[in-house]
Amino acid sequence: MTRRSTTHPELQRRRRRARWAAWAAVAVVTVATSAAAILVNGNWEWASPGNRPWLVLGVLLIVGTTVTLTIWATRRYVRAPRRAVRNRNGSGGPLGVVVAEGFLSRLAFGMISFSLPLYAHRLGMSIENIGVLLATNTAVAILLKPLMGAVIDRIGVRTAYIVAVGLRTVVVLSLVFAQTPLHLFLVRGLHGVAISLRDPSSSTILAALGGKKAVAQRFSWYQTVKTVAGSAGGFSAGILLTALAGDHAFVFAVSAVLSGLPMLLVLIGLRGPQVTGLSRKPEKITPVPVELRRLIRPYALLGAAMNGTAYLMANLLPLLSVSYMGLSEAAASSLYVFSTAMSFSGPLWGWLADRVSLKLVLGVRAIGNVFSSLVWLLFPSYAGLVIGKVADDAGKAAFRPAWGAVMAKVAALDPVRRTRTLAIMSTAEDAGEFGAPILAGFIWTTFGLPAVLVVRLCAGTATEIYSWWLASHMKIDDDHSVQESDTETPIEPRRSA
């Protein structure tokens, strides 16, 4: 015991400094991004006097939320015992690599998500073609993820991560030299290949090494830093394009550098028996467990329904704000402050999923969908928009950690096929995100916006009922069988029944 306390003092001090620096960066980025979203409009003019009270309220909200969660996280993860930061099997290193890689990659692609549509429009692409371009990577990832999951189970998550990060960096760098729409489509397609390798690998590490009672919290922190990084990336791209008079090549070059930085982390941090053991080949071919076959399809359907219902309005919210409710662009952009603030509630939802009830947290997503749709339908005003947006973002923040815990439980039924199982469930989630905006656009064009909200309300209600039925009949809230055998011995082959 004495040896442990004298061996790691410098490591502990470095952890404290790193966490303080990380939270300070998150606070600065969040405040700057959110304040800028409501301070200025497209012409870089100050918000109108009518919107300034909402500006003050938003700034106070984001500052208060950031400070509160920073204090909470510091007390829990810096001053807590060592086992609260890193579980006993020494998996803290790989988990930190995954979170850091997620932050940098989302920062890079936040910049690309902002600048690529503008660049494509400059090349003469129509709005319809730009929409198809932006969906190409998701479509390719949906097609390849189940296959890549099986491949990753064979080659290992470290190899898959190295290939994904390298391919992604080369793809982003090639945007600097893109001069035709065909080149842009090729880049987005290759990015989809990188996604199909990276997403199952990151989910495998978080699910297998997250800890018996902390897997939802691991997923929540991972999603939180990605959300903040995405907002910061989009804001940074707008600043750079404005300052450099639309120099998209420079923005793409910066994105390529940010995308390539995690390579060193992956090479150094993703190694050792904890990581290599995740993809140990079985001595003989074993059949798929009956319990896995029973669970994977119903829960994959739940993921598609949850995500699909949420994304029915995700891309149409600006149109809802400006065209349907008659709000100004500045007032509509103020929603970013609430979205960023609510993303920080993810760790709290993760803690509730791990410690209180996974079934309860999993159902929050559908409740958020139903409540936001009802508010937007009955109260088409700025106040109604904000209330509905807060409810919707709370549901999103709750869904990611709960869904991560569900995937971890289901995948742990067969560790030999862990990544393949996670890839299938992630594919279902992506399919909902991909298909919902298309369906919403068709309904809006054919029947009008109220019809979209009614469909979303009914779909959210049906999904909530299905979620509770599934959690009750499929024993998903039982935390004592699957998860314990998974995290305690992550490198061992599946035990026989």
Side-chain angles (χ1 to χ4, degrees), residues 37-38 51 54 58 127-128 131 134-135 138 227 301-343 345 361-400 402-403 428-469:
I38 54 179
N51 292 323
W54 296 109
I127 300 299
E128 292 79 6
L134 298 179
T138 304
T227 301
L301 177 61
L302 177 64
M306 286 277 194
N307 230 30
T309 307
Y311 278 88
L312 273 173
M313 283 301 300
N315 296 333
L316 300 177
L317 198 58
L319 292 177
L320 171 68
S321 306
V322 178
S323 301
Y324 184 73
M325 295 185 176
L327 302 176
S328 65
E329 288 80 359
S333 65
S334 67
L335 295 176
Y336 286 104
V337 68
F338 301 101
S339 298
T340 308
M342 290 307 301
S343 69
S345 67
V361 177
L362 190 64
V364 172
R365 169 68 278 184
I367 294 175
N369 292 339
V370 171
F371 183 78
S372 59
S373 300
L374 190 62
V375 170
W376 290 337
L377 188 63
L378 299 179
F379 304 100
S381 62
Y382 183 80
L385 184 67
V386 170
I387 295 173
K389 181 62 174 171
V390 168
D392 187 56
D393 289 332
K396 290 180 181 178
F399 174 71
R400 183 67 255 181
W403 179 244
E429 182 185 359
D430 291 343
E433 179 180 344
F434 178 78
I438 299 176
L439 176 62
F442 171 77
I443 296 175
W444 190 330
T445 303
T446 306
F447 303 103
L449 174 62
V452 179
L453 296 175
V454 171
V455 169
R456 188 171 183 264
L457 176 64
C458 296
T461 304
T463 303
E464 177 68 12
I465 296 173
Y466 179 65
S467 171
W468 279 83
W469 178 87

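One is the number of the first residue; the rest follow in order along the sequence.
- Expressed to the nearest 0.5 Å, how far NZ of Lys389 lies from CE of Met342 amounts to 11.0 Å.
- The CE atom of Met306 sits 6.0 Å away from atom CD of Glu464, with the distance rounded to the nearest 0.5 Å.
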Cut-off 3.5 Å, no hydrogens considered: what does the side-chain donor-acceptor table look like for residues 446-457, sequence neighbours left out?
{"from": "Thr446", "atom 1": "OG1", "to": "Phe442", "atom 2": "O", "distance (Å)": "2.8"}
{"from": "Arg456", "atom 1": "NE", "to": "Thr309", "atom 2": "O", "distance (Å)": "3.1"}
{"from": "Arg456", "atom 1": "NH1", "to": "Asn369", "atom 2": "O", "distance (Å)": "3.2"}
{"from": "Arg456", "atom 1": "NH1", "to": "Ser372", "atom 2": "OG", "distance (Å)": "2.7"}
{"from": "Arg456", "atom 1": "NH1", "to": "Ser373", "atom 2": "OG", "distance (Å)": "2.7"}
{"from": "Arg456", "atom 1": "NH2", "to": "Asn369", "atom 2": "OD1", "distance (Å)": "3.3"}
{"from": "Arg456", "atom 1": "NH2", "to": "Asp392", "atom 2": "OD1", "distance (Å)": "2.7"}

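- Minimum heavy-atom separation, Ala398 to Val361: O-CG1, 3.5 Å.
- The two residues Gly460 and Ala366 have their closest heavy-atom pair at O-CB, 3.6 Å.
- Scored by the side-chain contact (heavy atoms from CB on, under 4.5 Å) test, Phe371 finds Val375, Ile387, Ala391 as partners (sequence neighbours excluded).
- The shortest side-chain heavy-atom distance between Asn307 and Trp403 does not fall under the 4.5 Å cut-off.
- The side-chain contact (heavy atoms from CB on, under 4.5 Å) test applied to Ala305 returns Thr463, not counting sequence neighbours.
- Taken from CG in Leu374 to CZ in Phe379, the straight-line distance is 7.5 Å, to the nearest 0.5 Å.
- Shown here are the side-chain contact (heavy atoms from CB on, under 4.5 Å) partners of Leu439, two or more places apart in sequence or in another chain: Leu312, Ile443.
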